[in-house]
Amino acid sequence: MSEHNPFSASRALADAASDGQLTRRPPGIGRLTAIGCICTTLLIFVIPAIADPFSRPTGFLVAATAFIAIIHLRLKNLGYSGWWTLAVLIPFFHPVLGLELLVAPAGYAQHKTLDLPGRLIVVSIIGAILLGSAFVCLT
């Protein structure tokens, strides 16, 4: 006599868990890793290139290549196609893309919802814009 447990996981769910599909992280790099890589690139390549005029072309070229690679990996983490990396070349779309890379959590292309750190970043950016506008108006 076989008893069926109504609280047991379904066979499809058990197969997905055994294949690692439920625990698999999205490809690419996360929000904090991307911010850390950008800050490291600025410290290693951009700031010394500003100080030394002979290393400027090399430093800026290496930094631009690193920034494009970081953006590509972050877009992969969000669930977008790698072709979206070319959007960096569009002048007015660049700030919008940068804001999305900063606030969106992993897998954002599938669920389109912000997590708590993303919401806090948006609120702090809006607050900084309002505070800066008030300061400019008062002076």
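Follow the hydrophobic side-chain contacts under 4.5 Å out from V46 and you never reach V62; the two are in separate clusters. Under the 4.5 Å side-chain heavy-atom criterion for grouping Ile, Leu, Val, Met, Phe, Trp and Tyr, V103 is connected to I126 within one hydrophobic cluster. No continuous path of hydrophobic side-chain contacts links L116 to V122 [ILVMFWY only; heavy atoms under 4.5 Å]. At a threshold of 4.5 Å between side-chain heavy atoms, the hydrophobic network of Ile, Leu, Val, Met, Phe, Trp and Tyr places W83 and I68 in two separate groups. No path of Ile, Leu, Val, Met, Phe, Trp and Tyr side chains, each step under 4.5 Å between heavy atoms, connects L61 with L89, placing them in separate hydrophobic clusters.
In this structure, H111 and P105 have side chains that are in contact, with non-hydrogen atoms separated by less than 4.5 Å. At a threshold of 4.5 Å between non-hydrogen side-chain atoms, the residues L42 and F67 count as touching. Here the side chains of L102 and I125 are in contact, with some heavy-atom distance below 4.5 Å. Looking only at side-chain heavy atoms (C-beta outward), W84 and F93 come within less than 4.5 Å of each other.
Remark: of the listed residues T85, I90, V88, V88 is the sole one forming a side chain to side chain contact (heavy atoms under 4.5 Å, CB included) with L97. For the side-chain hydrogen bond (donor to acceptor under 3.5 Å, both in side chains) criterion with Y80, the lone passing option out of H72, E100, R74 is E100.
In this structure, CD1 on I70 lies 6.0 Å from CD1 on I29, to the nearest 0.5 angstrom. Atom CZ of residue R31 and atom CD1 of residue I35 lie 7.5 Å apart, to the nearest 0.5 angstrom. If you take CG on L101 and CG on L73, they are separated by 11.0 Å, rounding to the nearest 0.5 Å. Between atom CG of residue L43 and atom CD1 of residue I38 there is a gap of 12.0 Å, rounded to the nearest 0.5 Å. Taken from CG in L138 to OG in S133, the straight-line distance is 10.5 Å, to the nearest 0.5 Å. A distance of 5.0 Å separates CZ of F60 from CD1 of I50, quoted to the nearest 0.5 Å.
Closest heavy-atom contact between P48 and S55: O-OG, 3.9 Å. Minimum interatomic distance between A49 and G59 (heavy atoms only, all atoms of both residues): CB-CA, 4.2 Å. In this structure, P95 and P91 approach most closely via the heavy-atom pair CD-O, 3.5 Å.
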For this session: Would you sort out whether N77 and Y108 count as a side-chain contact (heavy atoms from CB on, under 4.5 Å), showing the intermediate values?
Result: CA-CA 8 Å; N77 182 258; Y108 180 74; over 6 Å; no
